[in-house]
Amino acid sequence: MYEVPRHLFVDQALATRAYDDVSLPIGHGQTISQPLTVARMSEQLFAQRQPGKVLEIGTGCGYQTAVLLKMGAEVYSIERLGAILDKARQNLRAAKLVHARLVHGDGHFGLPEAAPFDGIIMTAAARNIPEALVEQLAEGGRLIMPIGENDQHLWLIERTSQGLQKTRLDPVKFVPLLPGRS
Ligand code: SAH
């Protein structure tokens with residue numbers, strides 16, 4: 001994370017706060033996640049394994065995407081808002097990280113054409129675990145996502161040979177996962 005210039009991912013007016021451990025607005029009612037949360041989710045996603053192929057849902061400003069790329073993952077990232085995705089593309093280019101596949105779409109359905117994934121990370125809060133995402137997880141793969149409305153927690157869902165193993169982690173605060181794209 002030291003290698004990712006977070007100020008490139010927020011508005012110039014907020015650049016002085018870019019290295020504080022806080023979430024910040026990125027326009028269209030969305031936020032860049034708090035660095036501690038990005039660290040926690042990235043760590044849980046890989047769990048000391050080779051990064052492999054990762055699907056991110058909720059590209060936002062592209063900061064989490066940048067961290068995943070720096071960690072050596074092959075990254076696919078889906079965002080439902082076209083304007084936000086364009087901004088993420090510019091931000092990632094400014095940070096000289098151009099290898100992510102950015103997709104304009106609804107992350108509820110995952111990305112079947114690129115599945116299976118070794119890891120799936122969702123950065124918007126859902127009410128439950130979208131079935132399509134579980135199906136697109138490789139065996140041994142890990143899905144990390146916030147679940148809940150006012151009272152949210154991170155959950156880790158592991159696909160093992162015996163089935164799904166679900167673990168509740170830290171309390172968090174994310175914007176909601178919304179249907180459709182625009
Ligand atoms: N990872 C981002 C955090 C973005 S906030 C970062 O580091 O900045 C969550 C993002 O999820 C928002 O941009 C929002 O538009 C997007 N989102 C919400 N519902 C979605 C859905 N169904 N599919 C894809 N993106 C979605």
Side-chain angles (χ1 to χ4, degrees), residues 1-12 14-15 17-46 54-71 73 75-95 97 100-115 117 119-134 136 143-149 152 154 170 172-182:
M1 286 176 69
Y2 277 120
E3 292 175 25
V4 181
R6 194 168 181 256
H7 67 274
L8 296 180
F9 293 85
V10 299
D11 243 35
Q12 233 164 36
L14 293 170
R17 300 186 61 200
Y19 296 93
D20 295 348
D21 190 24
V22 291
S23 61
L24 294 168
I26 56 170
H28 303 270
Q30 307 305 319
T31 52
I32 177 173
S33 304
Q34 181 186 354
L36 185 63
T37 306
V38 172
R40 178 77 169 137
M41 291 177 81
S42 307
E43 171 188 81
Q44 283 296 325
L45 187 66
F46 298 136
V54 169
L55 174 66
E56 178 188 26
I57 292 154
T59 317
C61 66
Y63 177 70
Q64 171 78 70
T65 320
V67 170
L68 296 172
L69 289 168
K70 277 280 182 196
M71 291 174 85
V75 186
Y76 294 77
S77 186
I78 310 181
E79 169 59 53
R80 66 180 287 272
L81 298 176
I84 289 243
L85 192 65
D86 289 343
K87 199 74 206 305
R89 197 169 273 120
Q90 288 170 23
N91 294 343
L92 287 163
R93 203 175 295 139
L97 290 164
R101 319 270 172 86
L102 303 182
V103 180
H104 184 203
D106 181 348
H108 279 100
F109 307 107
L111 203 58
E113 59 270 37
F117 296 97
I120 301 181
I121 178 169
M122 185 185 283
T123 62
R127 291 189 190 175
N128 41 44
I129 306 166
E131 194 51 46
L133 301 188
V134 172
Q136 292 171 31
L143 161 63
I144 176 111
M145 61 181 286
I147 302 183
E149 287 176 81
Q152 300 175 7
L154 279 182
D170 328 24
V172 284
K173 184 105 196 74
F174 277 86
V175 295
L177 187 74
L178 297 173
R181 63 170 206 177
S182 63

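Everything numeric in this text was worked out from a predicted model, so none of it was measured. Just follow the structure's listing: the first ligand is 1, and inside any ligand the first atom is 1. Sequence positions, counted from 1, serve as the residue numbers for this chain.
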Checking the N or O distance criterion of under 3.5 Å, is ligand 1 in contact with Gly180? no

All ring-ring contact (aromatic ring centres under 6.0 Å, His included) counterparts of Tyr19, not counting sequence neighbours: His7

Could you list the atoms of ligand 1 found under 4.0 angstrom from a heavy atom of Leu81? 15 (O)

Extract all donor-acceptor atom pairs below 3.5 Å that involve side chains of residues 22-40 and protein atoms in other chains or at least two apart in sequence.
residue	atom	partner	partner atom	Å
Gln30	NE2	His28	O	3.2
Gln34	NE2	Asp21	O	3.4
Gln34	NE2	Asp21	OD2	3.2
Arg40	NE	Asp170	OD1	3.0
Arg40	NE	Asp170	OD2	2.9
Arg40	NH1	Glu43	OE1	3.4
Arg40	NH2	Asp170	OD1	3.1

Nearest protein heavy atom with distance in Å, relative to atom 8 (O) of ligand 1: Cys61 SG, 3.1 Å

Please test Ser77 against Gln64 for side-chain hydrogen bond (donor to acceptor under 3.5 Å, both in side chains), starting from the C-alpha separation and ending with a verdict. CA-CA 10 Å; Ser77 186; Gln64 171 78 70; over 6 Å; no

Gly105 touching ligand 1 at heavy-atom level, < 4.0 angstrom: yes

To the nearest 0.1 Å, how far is atom 7 (O) of ligand 1 from its closest protein heavy atom, and which atom is that? Gln64 N, 3.1 Å

Quick check on contacts: which atoms of ligand 1 are under 4.0 angstrom from a heavy atom of Thr31? 3 (C), 4 (C), 5 (S), 8 (O)

Do the side chain of Arg80 and the main chain of Gly105 share a donor and acceptor less than 3.5 angstrom apart? no

Looking at Ile78, which atoms of ligand 1 are within less than 4.0 Å of one of its heavy atoms? 24 (C), 25 (N)

Among all protein non-hydrogen atoms, which one is nearest to atom 12 (C) of ligand 1, and what is the separation to 0.1 Å? Gln30 OE1, 3.2 Å

Heavy-atom side-chain proximity of Lys87 to Asn91 below 4.5 angstrom: yes

Counting only heavy atoms, which portion of Glu79 has something under 4.0 Å from ligand 1: side chain, backbone, both, or neither? both

For ligand 1 and Ile32, I'd like to know whether there is a polar contact (N/O to N/O, distance under 3.5 Å). no

For the pair Gln152 (side chain) and Phe174 (backbone), establish whether a donor and an acceptor sit closer than 3.5 Å, ignoring hydrogens and angles. yes

With heavy-atom distances below 4.0 Å as the criterion, list the atoms of ligand 1 near Gly107. 21 (C), 22 (N), 23 (N), 24 (C)

Side chain Arg181, main chain His104, donor-acceptor under 3.5 Å: yes

Which residue holds the protein heavy atom closest to atom 22 (N) of ligand 1, what is that atom called, and what is the gap in Å? Leu178 O, 2.7 Å

To which protein heavy atom is atom 9 (C) of ligand 1 closest, and what is the distance rounded to 0.1 Å? Thr123 O, 3.3 Å

Please list, in number order, the atoms of ligand 1 under 4.0 Å from a heavy atom of Val175. 5 (S), 9 (C)

Proximity flag Thr59 to ligand 1, non-hydrogen atoms under 4.0 Å: yes

Please report which non-hydrogen protein atom sits nearest to atom 24 (C) of ligand 1, along with the residue it belongs to and the distance in Å to one decimal place. Arg80 N, 3.4 Å

What do you reckon, does Pro176 put a non-hydrogen atom under 4.0 Å from ligand 1? yes

Give the atoms of ligand 1, by number and element, whose distance to some non-hydrogen atom of His108 is under 4.0 Å. 22 (N)

Give a yes/no verdict on whether any heavy atom in Glu56 is under 4.0 Å from an atom of ligand 1. yes

CZ of Phe109 to CD of Gln136: how many Å apart, nearest 0.5 Å? 11.0 Å

Which residue holds the protein heavy atom closest to atom 11 (O) of ligand 1, what is that atom called, and what is the gap in Å? Gly58 CA, 3.2 Å

Could you check whether atom CD of Glu3 has more than 12 heavy atoms from other residues, nucleotides or ligands sitting under 6.0 Å from it? no

Show the atoms of ligand 1 that are less than 4.0 angstrom away from any heavy atom in Ser33. 3 (C)

No-hydrogen, no-angle side-chain donor-acceptor test under 3.5 Å, Thr59 and Glu79: no

Taking C-beta and beyond as the side chain, do Val134 and Ile120 meet within less than 4.5 Å on heavy atoms? no

Side chain to side chain contact (heavy atoms under 4.5 Å, CB included) with Ile57: of Leu133, Asp106, Leu143, only one passes, and it is Leu133

Please check if the side chain of Glu149 supplies one atom and the backbone of Ala126 the other of a donor-acceptor pair under 3.5 Å. no

